[in-house]
2 protein chains.
Amino acid sequence: MVFAGQGDARRSMSLLWRAGRPEQPGRRPGPGPRPGLSVDAIVTAAIAVADEDGMAALSMRAVGERLGRTAMALYTYVPSKGELLDLMYDAVHAELPTEYDDTGDWRAGLTDWARDGLEFHLRHPWVLQVSQARPVLGPHEYAGLDTLVRLLNATGLEAHLVRRLAGTLSHFVRGCAGTVAEARQAAAVTGESDEEWWFARSALLGEVAPDFAERYPSLVAMETGSTPQPPAPEPDGEAVPYLEREARETFTAGLGVLLDGIEAAVRRAGTPRT
Amino acid sequence: MVFAGQGDARRSMSLLWRAGRPEQPGRRPGPGPRPGLSVDAIVTAAIAVADEDGMAALSMRAVGERLGRTAMALYTYVPSKGELLDLMYDAVHAELPTEYDDTGDWRAGLTDWARDGLEFHLRHPWVLQVSQARPVLGPHEYAGLDTLVRLLNATGLEAHLVRRLAGTLSHFVRGCAGTVAEARQAAAVTGESDEEWWFARSALLGEVAPDFAERYPSLVAMETGSTPQPPAPEPDGEAVPYLEREARETFTAGLGVLLDGIEAAVRRAGTPRT
DNA sequence: GAAGTTACTTTATGGCGTAAGGAGTCGCAA
DNA sequence: TTGCGACTCCTTACGCCATAAAGTAACTTC
């Protein structure tokens, strides 16, 4: 699942970087009927399907249907589903902002970047399932990376370390996004709210593992010592669900710790006294 | 793909926690023919398939075949493929060590934990594709979490923060593991070594994006300022491939930064002077 | 023995990605 | 003007997949 169409690497890269004729749907092409579709249209439709119905619902048939075509019509424009996934992945990364205030303190810049990254992945949770399958190397992904590196350069740390911090920050953001996406999907699939779901599971856990407290003492101690606002039912509008709020707080706290760690590195580098 | 079998939650939990008769393959059961399989045997076989051939190759047929049965025979023991995935996920987590030196400094403990976690995910890369689909809540996953919390408690930080640090550390480890797994898979699928693959891609990039250096100045500057041992062909044995070494260095550096950040928090908490 | 329960098989349904081949459309060279 | 060849898009078909339904045989309990 979600594997690369490791086909012709050259064709794949040309598609990703759109190194061909500047396509438009209604243009006069060579011989043959005027193309009714375009790579961009297909990619846009596929992204819509994945956004709305999730990765599991993304099939060539579904994408074709959304465009009023059969599944096979897509293969005129795109060599395989794997390539289409690569194109989707890169296209959607165009949403990522590239402009940040990199004149002031780097902390603010990186915080904004991380928050934007989190929201991006929550808008397109399927991206998390593509990316871990293999590197894609498209222009917009590179743009995002370039932005992050630029922000990190404001720390004044050496290139070596910047490179690794970029990886670390990305891992962190994607991990947090994954947890939130998980929570949302669980809520969507079961139809229960987070609280209901969690309550039901806790009850089952008690049934099935009556010795829970003895088996996981540290866990239970932490649970009783930290669970903050269990119900906290916000009366107005739809409150942010429990698990999602949890995950967001992990995001905030974890990001703070990470930036503290970077700050320590900056201080160490500032006084080069190994 | 890789979704939960969100079936009967009670049955699912009973299976996970093995809250039933203590099964053994050849025992005298009730009426009917003696069972030739067992949940454990199926889970073990499924893990073997996923380890050897990857998640994409994990089908009910493949697992059945490995046990000398048809795909349908498995459904006597396991309600669906989704449940089987949950069982695999939890079973494999039994490999995670639970004993660490938590008397000494927490830094060493967490470093060991992270390293074990990385190796674990590299032994079973498919775990990364299961976990982000939804929470599983099995006994061995809980054991792993309990261990991590215990190690974090050695910092003396409050429960609140410990909970979030646990999430942060897990995200980090899984992210790093994902990158390494990616690199390995790319190498396995294409048959090229990392160096070859990367070299070929770079050439294609130059072809397809001749303005690369202008578009991504920060990235290029970092690249030229940091690429450490490009070839470094270790003559003996099989060297660790390039991309994998990169990822491992990100792991080491990122972990260091994270622990530095935790240390900062510990220091702040030690002198409670908000 | 008969009845009931269970392990496992075969068969079938409706999905998937995509290979193969065919029908209709159009630019262009003859 | 005609017809070739390139091109888009369709239908059909193949071999996978998960799994529902129904059948067969083994075994325990009455």
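Here the structure is a predicted model, which means the values were calculated and not measured. Each chain gets a letter, A, B and so on, in the order the sequences are listed, and its residues count up from 1.
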Problem - Stepwise side chain to side chain contact (heavy atoms under 4.5 Å, CB included) check, B:M60 with B:V63 - result: CA-CA 5 Å; B:M60 297 301 267; B:V63 177; 5.7 Å; no
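One interatomic measurement links the two molecules: CD of B:E83 to P of D:dA18, which rounds to 15 Å at whole-angstrom precision. In this entry the distance linking CD of A:E65 with C1' of C:dC16 reads 14 Å, nearest Å. At whole-Å resolution of the value, CE in B:M60 and P in C:dT9 are 13 Å apart. Between B:I42 atom CD1 and D:dA18 atom C1' there is a gap of 15 Å when expressed in whole angstrom units. Distance B:R69 CZ to C:dA7 P: 11 Å, rounded to the nearest Å. Atom CG of A:L85 is separated from atom C1' of C:dG17 by 12 Å (rounded to the nearest Å). In this structure, CG of B:L74 is placed 11 Å from C1' of D:dA18, rounded to the nearest angstrom.
Which of C:dA7, C:dG17, C:dT10 sits closest to the side chain of A:K81 comes down to C:dG17. When each of D:dT19, D:dC9, C:dT18 is scored by its nearest atom to the side-chain atoms of A:Y75, the top-ranked nucleotide is C:dT18.
Taking a cutoff of 4.0 Å between a charged side-chain nitrogen and a carboxylate oxygen, B:R215 and A:D146 do not qualify as a salt bridge.
Here B:T70 does not reach the OP1 or OP2 of C:dC8: none of its side-chain N or O atoms lies under 4.0 Å away. Contact annotation: A:T76 does not reach the phosphate of D:dC9 (side-chain N/O to OP1 or OP2, under 4.0 Å).
Atom CH2 of residue B:W113 and atom CZ of residue B:R115 lie 12.5 Å apart, to the nearest 0.5 angstrom. Rounding to the nearest 0.5 angstrom, the gap separating the NE2 atom in B:H171 from the OG1 atom in A:T250 is 6.0 Å. Between atom OG of residue B:S12 and atom CG of residue A:L204 there is a gap of 8.5 Å, rounded to the nearest 0.5 Å.
Contacts of A:A73 with the nucleic acid, taken as non-hydrogen atoms under 4.0 Å apart, involve only primed sugar atoms and P, OP1 or OP2. Residue contacts shown for A:M72 include a base, since a base heavy atom lies under 4.0 Å away.
The one candidate from A:R18, A:R11, A:R10 that meets the side chain to side chain contact (heavy atoms under 4.5 Å, CB included) condition with A:S14 is A:R10.
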Under 3.5 Å, side-chain donor or acceptor atoms of residues 116-126 of chain B against the rest of the protein: list the pairs with distances, not counting sequence neighbours.
{"unit_1": "B:D116", "atom_1": "OD2", "unit_2": "B:Y100", "atom_2": "OH", "d": "2.5"}
{"unit_1": "B:E119", "atom_1": "OE2", "unit_2": "B:R248", "atom_2": "NH1", "d": "3.0"}
{"unit_1": "B:H121", "atom_1": "ND1", "unit_2": "B:G117", "atom_2": "O", "d": "3.0"}
{"unit_1": "B:R123", "atom_1": "NH1", "unit_2": "B:E95", "atom_2": "OE1", "d": "2.5"}
{"unit_1": "B:H124", "atom_1": "ND1", "unit_2": "B:D51", "atom_2": "OD1", "d": "2.7"}
{"unit_1": "B:H124", "atom_1": "ND1", "unit_2": "B:D51", "atom_2": "OD2", "d": "3.0"}
{"unit_1": "B:H124", "atom_1": "NE2", "unit_2": "B:E95", "atom_2": "OE1", "d": "3.0"}
{"unit_1": "B:H124", "atom_1": "NE2", "unit_2": "B:E95", "atom_2": "OE2", "d": "2.8"}
{"unit_1": "B:W126", "atom_1": "NE1", "unit_2": "B:D51", "atom_2": "OD1", "d": "2.6"}

Identify all pairs in which a protein N or O lies below 3.5 Å from an N or O of nucleotides 13-15 of chain C, and state each distance.
none

Which atom pairs link the protein and nucleotides 22-27 of chain D when you take only N or O atoms and keep those under 3.5 Å?
{"unit_1": "D:dC27", "atom_1": "O2", "unit_2": "B:G32", "atom_2": "N", "d": "3.0"}

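Judged purely by atom type and a 3.5 angstrom limit, B:Y216 uses its side chain to pair as donor or acceptor with the backbone of A:P139.
Summarising the geometry of B:A46 relative to B:L58, their closest heavy-atom pair is O-CD1, 3.4 Å, with the distance given to 0.1 Å.
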